[in-house]
Amino acid sequence: MRYSETFIPTLRDDPADAEVVSHKLMVRAGMIRKVAAGVYNYLPLGWRVIGKVEQIVREEMTRGGAQELRMPAVQPAELWQESGRWGVYGKELLRMSDRHGRDFCIGPTHEEIITDLVRGEVRSYKQLPLNLYQIQTKFRDEIRPRFGLMRGREFIMKDGYSFDADEAGAEATYRRMEEAYHRIFARMGLDFRAVEADSGQIGGSFSHEFMVLAATGEDDVVSCTTCDYAANSEKATSRVSPPEERETPALKTVDTPGVHSVEEVAEFLKTSPDRLIKTLIFDTGTEGDGRFVAVLIRGDREVNEVKLVNTLGADGERLTLAANPDIERITGGAVGFSGPVGLKGVRVVADRSVADLTDAVTGANQADRHHTHVLPGRDFPLGETADLDTARAGDGCPRCATGKLVIQRGIEVGHIFKLGTKYSEAMQATFLDPQGKKQPFVMGCYGIGIGRTAAASIEQNHDGNGILWPMAIAPAHVVLIGMNMKSEAVRDTAERLYVELRKRGVEVLFDDRAERAGVKLTDFELLGIPLALLVGDRGVEKGSLELKERKDGSTTEVPMDDVVDRVADKVREALGGHGG
RNA sequence: CGGGGCGUGGCGCAGUCAGGUAGCGCACCUGCUUUGGGAGCAGGGUGUCGGAGGUUCAAAUCCUCUCGCCCCGACCA
């Protein structure tokens, strides 16, 4: 690439509408331009980065036994109705109709399409396993797109789907994909963690997210300081030790005038927040008897709503805390004094932390009154219990005995799910097993945000002057800078090196512009290409050129005759055995 | 959807409170000089001030509506 002929519109100032560093730098470096909220143009340099990321993904998916194909972006509503998701996917699904009034959507994901394809073609267990993927533009009408490529509405995703004959096969495929994902993100030089995750809207039995650790991440990653436990905060559990066990005298009701909050109650009754039982009335938003649910949790802990949604089988978008009049009707008392003792006609779910409590305190379902000396199981039935607790930094690790949990921010760049038979059953996608019996496919699905991965790399690798691309996904390996293109000697040397470097498989951005050296060096730093080879009169006369590392700004003198070898070696070394 | 903020040459912004000929920096174009860390001098304006309506002798500025964009929130008892 000759800089003078390439469309690289760099900017001196940060764009006014960008907040995070990857967004600012990708715009400034002339890699992306916004078209609408969450919708971008990918300019030549940005598109090269995307291409590099895609290529690494392809290579490792192939190694993991997957095959690339391509499905349509526009999908008919019927398939979504069949899977049941047309009704539940919500406003994120961009819907439209064609000239005949038939409903379509722009695919946010392709479980329906692939399941339809495979059920139509695969008849026998002998044709399994099958692992298919594509790299394609997706559209999700996000509530709030933001941060450039980190959360776009239109975005490029690698989505893969596997079909196995049984659980064991599906599990093996899942492991192969998990390994492939580790290789993919390691090759890109990212600092990441694979964490246990909630499977959310896609559904299924279990899943892992691949999180790039960065302060601007939108997710909280909970991990153990000593063992390898790591989970999304939506899913994370922790060891919560109960307060000291003690004898519980007979239940007593006491006046607590004007005392509402957990802290106030604990102080007023001379006890600690971890002996309180908070009772929260949730509204699932559905009609009928099961609409309201009372949730019990220890006073010093907080309900994890994602876990609650999963436990209740509720719709996460509809679940809210109940309105005050509803609370008063259900508990028969004032808001702020709810408690499980004598609570009737409503489903009660307790967090595990409540089961261990002795000599506890709860609201009495009357204004300004609480119960003391409450023993779960004795004073109220301890029916349904579940893990509903939000893990916190400093909590004990649930897996090892000694570790403490820490919380870091992470960017979700990949997500793998074991789907089981959720879609194959809903869509009656079956094959014949060796006994000639119909069986539903056991599925998995595997996503990677291509653009988001590029953005995450910048979040993790940048400095005050610009981007620091790892060699593997940089838009070029080296910038060949003609320091003064008016000098004939410089021009001739640079032109010769441009040819020779490319012959050696090095990707060169030849800065042949009639700009001053300072401008070129500044742009080199902004663009973040790992190496710069400086060709100036000084070096040409001396017979040695300067090779500059973007990462630390260091410069080494290389004899003219060795320059091509040296650059080629450095590139090969940085790619770690994977070709350019 | 709720709250807040912002829309003025390509980009970043001032001007809006207090109505009176649309500005600054960068970029861009021409010429000369300069050429190893964002050059200097001289000349050049490329704008329906997001849009529509209203008030006024007069609107970027005041009022109403509308569109777009950004941020926070949409469980925190």
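A note on names: the letters A, B, ... follow the listed sequences, proteins ahead of strands, and every chain is numbered from 1.
- Under 4.0 angstrom from either OP1 or OP2 of B:rC26 there lies no side-chain N or O belonging to A:R12.
- Using a 4.0 Å heavy-atom cutoff across all strands shown, A:E525 reaches at least one base atom of the nucleic acid.
- In this entry the distance linking CG of A:D511 with P of B:rU35 reads 19 Å, nearest Å.
- If you take atom C1' in B:rG38 and the same atom in B:rC28, they sit 16 Å apart, rounded to whole Å.
- Within 6.0 Å of atom CZ in A:R369, more than 12 heavy atoms from other residues, nucleotides or ligands are found, so the atom counts as buried in its surroundings.
- Counting non-hydrogen atoms under 4.0 angstrom, A:G336 reaches nothing in the nucleic acid.
- Rounded to the nearest Å, the gap between the P atom of B:rG7 and that of B:rG50 is 8 Å.
- The separation between A:M483 atom CE and B:rA39 atom P is 13 Å, rounded to whole Å.
- For A:D13, whose side chain is taken as the heavy atoms from C-beta onward, the closest listed nucleotide among B:rG37, B:rG12, B:rA39 is B:rG12.
- Heavy atoms from other residues, nucleotides or ligands lying under 6.0 Å from NZ of A:K570 number 12 at most.
- Within 3.5 Å, a donor on the side chain of A:K486 pairs with an acceptor on the base of B:rU34, or the reverse.
- Open room surrounds CD on A:E267; 12 or fewer heavy atoms of other groups in view lie less than 6.0 Å from it.
- Nearest-nucleotide mapping onto RNA chain B: of A:V335 and A:N484, the residue sitting toward the 5' end is A:N484.
- Rounded to a whole Å, the CG atom of A:L296 is 17 Å from the P atom of B:rA77.
- Summarising the geometry, atom CG belonging to A:L534 is positioned 7.0 Å from atom NZ belonging to A:K548; distances are rounded to the nearest 0.5 Å.
- Judged by distance alone, the side chains of A:D387 and A:T237 never bring a donor and an acceptor atom under 3.5 Å apart.
- Just one residue in the list A:L276, A:L357, A:D389 forms a side-chain contact (heavy atoms from CB on, under 4.5 Å) with A:R298, and that residue is A:L357.
- Base pairing analysis places B:rG37 opposite nothing; no Watson-Crick or G-U wobble pair with both distances below 3.5 Å involves it.
- B:rA42 and B:rU30 make up a base pair, with Watson-Crick or G-U wobble contacts both under 3.5 Å.
- Within 4.0 Å of A:V303, counting heavy atoms only, lies at least one base atom of the nucleic acid.
- Comparing B:rC49 with B:rU8, their P atoms are spaced 11 Å from each other, to the whole Å.
- Checking B:rG36, B:rG37, B:rA77 against every side-chain atom of A:L280, the shortest atom distance belongs to B:rA77.
- Take the nearest nucleotide of RNA chain B for A:T279 and for A:V535: the residue whose nucleotide is more 5' is A:V535.
- A:D14 comes within 4.0 angstrom of the backbone, heavy atoms only, and of no base.
- The partner of B:rC49 cannot be assigned: no Watson-Crick or G-U wobble pair with both contacts below 3.5 Å exists in any strand.
- Side-chain contact check for A:E459 and A:S22: at least one donor-acceptor pair (N or O, by modelled atom type) lies under 3.5 Å.
- Separation of the P atoms belonging to B:rG3 and B:rG45 is 46 Å when rounded to the nearest angstrom.
- Here the nucleotide nearest the side chain of A:K278, chosen from B:rA77, B:rG36, B:rU34, is B:rA77.
- Comparing the P positions of B:rA42 and B:rG53 gives a spacing of 44 Å, expressed to the nearest Å.
- The residue A:L308 sits apart from the nucleic acid: no heavy atom pair falls under 4.0 Å.
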N/O contacts under 3.5 Å, protein versus nucleotides 66-73 of chain B?
from: B:rC69; atom 1: OP1; to: A:A37; atom 2: N; distance (Å): 2.9
from: B:rC69; atom 1: O3'; to: A:K34; atom 2: NZ; distance (Å): 3.0
from: B:rC72; atom 1: OP2; to: A:R144; atom 2: NH1; distance (Å): 2.8
from: B:rC72; atom 1: OP2; to: A:R144; atom 2: NH2; distance (Å): 2.5
from: B:rC72; atom 1: OP2; to: A:R146; atom 2: NH1; distance (Å): 3.2

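- Under the Watson-Crick and G-U wobble criteria, each requiring two contacts below 3.5 Å, nucleotide B:rG25 is paired to B:rC11.
- For A:E264 and B:rA77, the CD to P distance is 11 Å, given to the nearest whole Å.
- A:E557 and A:S544 form a side-chain donor-acceptor contact under 3.5 Å, judged by distance and modelled atom types alone.
- Taking atom C1' in both B:rC71 and B:rG37, one finds a spacing of 36 Å when rounded to whole Å.
- Residue A:E488 qualifies as open at atom CD: its count of foreign heavy atoms under 6.0 Å is 12 or below.
- Both distances falling under 3.5 Å, in either a Watson-Crick or a G-U wobble arrangement, place B:rG68 opposite B:rC6.
- Taking atom NE2 of residue A:H370 and atom C1' of nucleotide B:rA77, one finds them 12 Å apart after rounding to whole Å.
- A:E263 places its CD atom 12 Å from the C1' atom of B:rC76, with the value rounded to the nearest Å.
- In this structure, B:rG19 forms no base pair with any nucleotide, since neither Watson-Crick nor G-U wobble geometry is met with both distances under 3.5 Å.
- Look at CD on A:E515: it is 13 Å from C1' on B:rC26, rounded to the nearest Å.
- A:R28 comes within 4.0 angstrom of a base, heavy atoms only.
- Base pairing of B:rA74 is not made with any nucleotide, judged by Watson-Crick or G-U wobble geometry with both donor-acceptor distances under 3.5 Å.
- Among the candidates A:D562, A:V558, A:V535, the single residue satisfying the side-chain contact (heavy atoms from CB on, under 4.5 Å) test with A:L545 is A:V535.
- Spacing of P atoms, B:rC76 relative to B:rA59, comes out at 48 Å, to the nearest Å.
- Base pairing analysis places B:rC62 opposite B:rG54; the two distances defining the Watson-Crick or G-U wobble pair are each below 3.5 Å.
- Rounded to a whole Å, the CZ atom of A:F282 is 8 Å from the C1' atom of B:rA77.
- Rounded to a whole angstrom, the distance from the C1' atom of B:rG12 to that of B:rU55 is 34 Å.
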